[in-house]
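So the structure is just underneath, and the comments pick up after that.
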Amino acid sequence: MLEVLRRSFALPEWLTANMDPFETLIITIISQNTTDRNTKRAFENLSGKFHITPEALANAEVEEIERCLKPAGLYRNKAKVIKEVSRIVLEKYNGSLNSILEKPFEESRRMLMELPGVGPKTADVILLFSGGKPTIPVDTHVKRVSKRLGLAPENGGYEDVRKALQSLFNAGDYLDTHILLISLGRKYCRARNPHCGECPLRILCPSRSC
DNA sequence: GCCCAGGTGGGTA
DNA sequence: TACCCACATGGG
């Protein structure tokens with residue numbers, strides 16, 4: 001199945017497993033419930049105004065961060081969370097997430113999820129993209145596509161879907177799996193989508209009516 | 001005008 | 001534990 005998806009979608013060139021953890025954290029918070037385009041706009045505003053470091057963002061005026069984040073929506077929440085999480089990383093973790101990422105997987109994940117604005121999805125993105133840890137972040141696309149394809153239980157929650165997917169793919173493919181399922185979901189498997197019939201996995205899809 | 005987008009956290013039962 | 005809802009702008 002991954003081979004079909006690899007042939008159908010290009011993986012982004014920036015895709016590696018060693019992105020800067022703090023930058024990944026900030027981008028992922030901005031991206032919550034937001035399109036890529038608006039995430040990019042907001043992040044460019046923010047990185048144009050501040051260094052993306054715990055020091056700079058912890059000391060920034062929250063109103064300044066809010067102005068940068070407006071294009072992404074939910075900007076008051078996100079600005080408050082970014083300032084607060086920056087302060088915690090600075091004061092509690094000496095300005096770096098590396099000490100968290102060096103811990104064993106479960107402990108590392110738990111510590112990340114104790115940070116404000118960091119739930120399972122955001123924690124898994126940081127673990128996968130910046131920690132090189134074996135996990136598959138489950139966003140709305142991944143969840144929907146996995147259920148449509150029968151890869152995960154229909155009534156499963158976040159952890160059910162994540163564990164089902166991880167049992168089906170090799171750990172070395174988790175990064176590609178995450179990205180390719182999102183690509184698939186975005187393009188073909190969503191409400192009121194006219195392109196469903198062109199889906200490269202339509203043979204596998206039980207509903208065939210995305 | 002309406003619906004949804006790469007979620008999280010707080011509240012309620 | 002399991003849902004429900006606020007948060008908010010931009011694009012189809």
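What's counted below: heavy atoms across the whole structure, side chains too, no hydrogens, waters or symmetry copies. Chain identifiers are assigned alphabetically (A, B, ...) following the order of the sequence lines, protein sequences preceding nucleic acid strands; residue numbering begins at 1 within each chain.
- Residue E66(A) contributes atom CD, which lies 8 Å from atom P of dA8(C) at whole-angstrom precision.
- Minimum atom distance to the side chain of H141(A) is reached by dG6(B), of the listed dA8(C), dG6(B), dT8(B).
- In this structure, I182(A) atom CD1 and dC4(B) atom P are separated by 19 Å, rounded to whole Å.
- Pair assignment for dG12(C) gives dC2(B), based on Watson-Crick or G-U wobble hydrogen-bonding distances that are each under 3.5 Å.
- What separates OH of Y158(A) from C1' of dG6(B) is a distance of 11 Å, to the nearest Å.
- Not one N or O on the side chain of S31(A) forms a donor-acceptor pair closer than 3.5 Å with the backbone of T34(A).
- dG9(B) and dC5(C) make up a base pair, with Watson-Crick or G-U wobble contacts both under 3.5 Å.
- Along DNA chain B, the nucleotide nearest Q32(A) and the nucleotide nearest N38(A) are compared for position; the residue whose nucleotide lies closer to the 5' end is N38(A).
- A side-chain N or O of Y158(A) and one of D124(A) form a donor-acceptor pair less than 3.5 Å apart.
- No side-chain donor from either of T35(A) and K40(A) sits under 3.5 Å from a side-chain acceptor of the other.
- Of the residues near DNA chain C, R76(A) and R41(A), the one whose nearest nucleotide (by heavy atom distance) lies more toward the 5' end is R76(A).
- Residue R37(A) places none of its side-chain N or O atoms closer than 4.0 Å to OP1 or OP2 of dC4(B).
- Among the atoms of the strands shown, none is found under 4.0 Å from any heavy atom of L69(A).
- With both ends at atom C1', the span from dC3(C) to dG6(B) equals 23 Å, rounded to whole Å.
- If you check dG6(B), dA8(C), dG12(C) against the side chain of L74(A), the one that comes closest is dA8(C).
- No hydrogens or angles were tested; on distance alone, a donor-acceptor pair under 3.5 Å links the side chain of R186(A) to the base of dG6(B).
- Distance from the side chain of N77(A) is smallest to dC7(C) among dG11(C), dC7(C), dG6(B).
- Screening I182(A), L175(A), L181(A) for a side chain to side chain contact (heavy atoms under 4.5 Å, CB included) involving H178(A) leaves a single residue, I182(A).
- Taking side-chain N and O atoms only, T140(A) has a distance below 4.0 Å to OP1 or OP2 of dG7(B).
- Nucleic acid contact class of V118(A) (heavy atoms, under 4.0 Å, all strands): sugar-phosphate only.
- Put simply, CG on D176(A) is 19 Å from P on dG6(B), counting in whole angstrom units.
- In this structure, P137(A) reaches neither bases nor backbone, as no heavy-atom distance under 4.0 Å exists between it and the strands shown.
- If you measure from atom CD1 of I82(A) to atom P of dG9(B), you get 13 Å, rounded to the nearest angstrom.
- Following rounding to the nearest Å, I65(A) (CD1) and dT9(C) (C1') show an atom-to-atom distance of 18 Å.
- Taking atom CZ on F129(A) and atom P on dG6(B), their separation rounds to 14 Å, with Å as the unit.
- Counting any heavy atom pair closer than 4.0 Å across all strands shown, T122(A) reaches sugar-phosphate atoms only and no base atom.
- V142(A) has its side chain out of reach of P137(A): every pair of non-hydrogen atoms, C-beta onward, lies at least 4.5 Å apart.
- Between the side chains of N94(A) and S96(A), no donor N or O sits under 3.5 Å from an acceptor N or O.
- Rounded to an integer number of Å, the gap from CZ of R67(A) to P of dA8(C) is 15 Å.
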